[in-house]
Protein chains: 2
Amino acid sequence: MARYRVGIETRERILAATRRLLGEVGMEGVTLKAITDQASVGAGSFYNLFDSKEAAVFEVVREALESVDPDPAGEGNDTLADLVDAFVLFVTGSTPVARIYLQLAVGRGLTDPVIAARVLRSHRRRVERFADAWRREEPGLDAPEAEARAQTMLAALTGLGLTALLDPGFDMRAHAHRLLPPQPATSVSAGAGRRRRSAHASQ
Amino acid sequence: MARYRVGIETRERILAATRRLLGEVGMEGVTLKAITDQASVGAGSFYNLFDSKEAAVFEVVREALESVDPDPAGEGNDTLADLVDAFVLFVTGSTPVARIYLQLAVGRGLTDPVIAARVLRSHRRRVERFADAWRREEPGLDAPEAEARAQTMLAALTGLGLTALLDPGFDMRAHAHRLLPPQPATSVSAGAGRRRRSAHASQ
DNA sequence: GCAGAAATGGAGCGGACACTCCAATATGTA
DNA sequence: TACATATTGGAGTGTCCGCTCCATTTCTGC
């Protein structure tokens with residue numbers, strides 16, 4: 001399916017419409033009519049390109065999930081601050097995607113075991129990522145302690161993200177930075193010149 | 001409506017059925033047929049007692065929300081540990097209610113501004129409650145710092161609660177207790193004799 | 001025990017929804 | 001250009017859902 005150029009373009013339009021609607025109306029509010037209207041497409045065209053409405057939603061959600069997952073090819077050199085900033089950016093920057101992700105994780109994860117398992121898997125990967133960063137930051141930490149700290153930190157970030165999504169005025173960045181371990185006094189004076197190690201941390 | 005004893009009992013049965021279904025199938029999965037079947041009641045009886053399906057759902061959700069709200073009549077003497085324990089108990093003890101609350105807050109709060117406002121209001125009340133406890137614990141704290149700590153702590157609890165709901169094997173209590181400030185060395189040896197100040201903290 | 005009101009079950013209505021079908025048209029290939 | 005095949009729109013289909021209607025039964029105060 002979708003062999004010609006026009007078909008591929010239509011597919012993209014449909015996915016964009018679905019993505020947009022998911023962010024606006026939420027998981028269960030997306031109707032086929034809304035999608036096809038938004039994408040300026042007939043129902044027939046839709047079903048020429050997708051097996052079902054669910055298939056389109058699933059595709060969008062898959063992409064959203066992928067964009068939150070820790071980069072599998074990452075070299076593991078991100079600092080804690082990088083990871084925290086990436087998380088904050090994910091919530092405050094790409095808000096509709098964040099909404100979709102949270103709606104999926106909570107709205108469906110709480111009732112659908114398949115979704116729950118999937119969400120948990122990617123959550124665990126992220127915990128590992130944070131735990132590694134902790135051990136790099138404080139080499140003396142033993143593994144369980146690092147994981148516990150990572151678990152707590154990620155939980156706090158999730159909670160703060162939720163608040164940020166509910167309350168546009170909430171300063172997530174400031175609160176999130178409080179989670180980081182206090183910096184050594186030497187770097188305090190760096191001021192405006194301070195830079196994060198990598199420009200856009202994979203996360 | 002519902003003047004006779006039977007009517008009141010039927011009302012209770014319907015609410016119980018709705019509550020149960022909300023926990024199992026989720027917010028949008030609850031159909032009228034499911035409710036009336038579960039409650040062994042005809043559709044006519046249902047509409048004799050409730051204006052709409054939504055009204056029943058709303059009632060259940062209202063009760064759920066109330067049970068999370070900080071006790072308005074609380075004397076403000078809870079310790080941080082009390083509040084944390086109460087939150088943990090809410091999630092791990094009354095799991096279906098916790099599910100309903102989270103589904104409401106996230107599933108609908110993210111798209112429905114009315115719900116969002118409501119959730120935020122009760123959230124802010126809880127933050128205040130935690131901030132007060134912080135200041136009681138560490139009298140030197142200034143107000144903004146106490147609130148920031150409360151905000152972070154509550155966010156972490158929410159995140160941990162989410163994980164606990166998704167992963168039944170997750171030890172929420174242990175992780176949650178890590179959020180408390182380190183205890184003075186004198187009380188460490190108390191061991192099994194240690195008791196929380198009030199048996200069931202209002203929260 | 002009687003009367004009037006409340007409660008009950010369930011057939012059925014109207015509308016929304018995901019999806020099908022197909023005639024008409026556009027697209028790429030040789 | 002001619003052909004095969006992909007794409008398109010939208011009218012129509014079956015299903016499900018919330019809700020109404022109403023004849024019948026149950027309840028309770030007097």
Side-chain angles (χ1 to χ4, degrees), chain A residues 1-22 24-62 100 103-104 107-108 111-112 114-115, chain B residues 1-62 100 103-104 107-108 111-112 115:
Chain A
M1 296 176 180
R3 282 227 253 275
Y4 293 170
R5 190 179 42 82
V6 277
I8 294 168
E9 281 168 8
T10 304
R11 212 187 120 91
E12 288 308 318
R13 241 184 312 134
I14 289 174
L15 286 176
T18 308
R19 188 159 35 236
R20 182 179 165 165
L21 285 168
L22 273 178
E24 279 172 7
V25 200
M27 209 62 173
E28 326 266 347
V30 183
T31 70
L32 193 75
K33 190 173 178 340
I35 294 175
T36 52
D37 281 0
Q38 180 78 220
S40 304
V41 146
S45 312
F46 181 95
Y47 282 97
N48 180 44
L49 296 163
F50 295 90
D51 286 343
S52 64
K53 188 190 80 168
E54 256 210 335
V57 170
F58 190 82
E59 176 66 19
V60 167
V61 158
R62 201 186 54 76
I100 294 174
Q103 273 176 15
L104 176 82
R108 289 192 74 99
T111 50
D112 183 338
V114 178
I115 305 280
Chain B
M1 297 180 182
R3 283 229 251 276
Y4 293 169
R5 191 181 40 83
V6 276
I8 293 168
E9 280 168 6
T10 303
R11 214 187 119 90
E12 288 307 319
R13 242 184 313 131
I14 289 174
L15 286 176
T18 307
R19 188 159 34 239
R20 182 179 165 165
L21 284 168
L22 273 178
E24 279 173 6
V25 199
M27 210 63 174
E28 325 267 347
V30 183
T31 70
L32 192 77
K33 190 172 177 342
I35 294 175
T36 52
D37 281 1
Q38 180 78 221
S40 305
V41 149
S45 312
F46 180 95
Y47 283 96
N48 180 45
L49 296 163
F50 294 91
D51 287 343
S52 63
K53 189 191 80 170
E54 256 209 335
V57 170
F58 189 84
E59 176 67 18
V60 167
V61 158
R62 201 187 55 74
I100 294 173
Q103 273 176 17
L104 176 82
R108 287 190 78 96
T111 51
D112 184 339
I115 304 279

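Since this is a predicted model, take the numbers as computed values, not measurements.
- What separates CZ of B:Phe50 from P of D:dG18 is a distance of 15 Å, to the nearest Å.
- Mapping A:Leu32 and B:Ser40 onto DNA chain C by nearest heavy atom places B:Ser40 closer to the 5' end of the strand.
- With C:dT27, D:dC19, C:dA6 as the choices, the nucleotide that has an atom nearest any side-chain atom of B:Arg3 turns out to be C:dA6.
- The phosphate of D:dG9 has OP1 or OP2 within less than 4.0 Å of a side-chain N or O from A:Ser45.
- Here B:Thr36 lies out of heavy-atom contact (under 4.0 Å) with every strand.
- Here D:dC16 presents its P atom at 14 Å from CG of B:Asp37, a figure rounded to the nearest Å.
- Within the 4.5 Å cutoff, no side-chain heavy atoms of B:Leu32 are placed close to those of B:Phe50.
- Closest to the B:Ala43 side chain, of the nucleotides D:dG9, D:dT7, C:dG10, is C:dG10.
- A:Thr31 comes within 4.0 angstrom of the backbone, heavy atoms only, and of no base.
- As a whole-Å value, the separation of B:Ile8 CD1 from D:dT26 C1' is 15 Å.
- Closest to the B:Lys53 side chain, of the nucleotides D:dT8, D:dG18, C:dA5, is D:dG18.
- Residue A:Tyr47 has no polar side-chain atom (N or O) positioned under 4.0 Å from OP1 or OP2 of C:dT20.
- Taking atom NZ of A:Lys33 as the reference point, atom C1' of D:dG12 lies 15 Å away to the nearest angstrom.
- Taking the charged nitrogens against the carboxylate oxygens, B:Arg108 and A:Glu28 have no contact shorter than 4.0 Å, which rules out a salt bridge.
- As rounded to whole Å, 13 Å separates atom C1' of C:dC17 from atom CZ of A:Phe46.
- Using a 4.5 Å cut-off on side-chain heavy atoms (C-beta onward), A:Met27 and A:Leu22 make contact.
- Nearest to the side chain of B:Asn48, among D:dG18, D:dG9, C:dT8, sits C:dT8.
- Electrostatic pairing of B:Arg19 and B:Glu12 does not count as a salt bridge here, judged by no charged N lying under 4.0 Å from a carboxylate O.
- The side chain of B:Tyr4 approaches C:dA6 more closely than any other nucleotide in the set C:dA6, D:dG9, D:dC19.
- B:Gly7 comes within contact range of the sugar-phosphate backbone alone, with a heavy-atom separation under 4.0 Å but no base atom that close.
- Distance CG (B:Asp51) to P (D:dC19): 10 Å, rounded to an integer number of Å.
- Judged by closest nucleotide on DNA chain D, A:Gly44 is the one of B:Gly44 and A:Gly44 placed further toward the 5' end.
- For B:Arg5, the listed nucleotide lying nearest its side chain is D:dT28; candidates were C:dA6, D:dT28, D:dG10.
- Note: CD (A:Glu9) to C1' (D:dT8) measures 14 Å, nearest angstrom.
- Rounding to the nearest 0.5 Å places OG1 of B:Thr31 at 7.5 Å from CG of B:Asp37.
- Rounded to a whole Å, the CD atom of B:Glu28 is 11 Å from the P atom of D:dG18.
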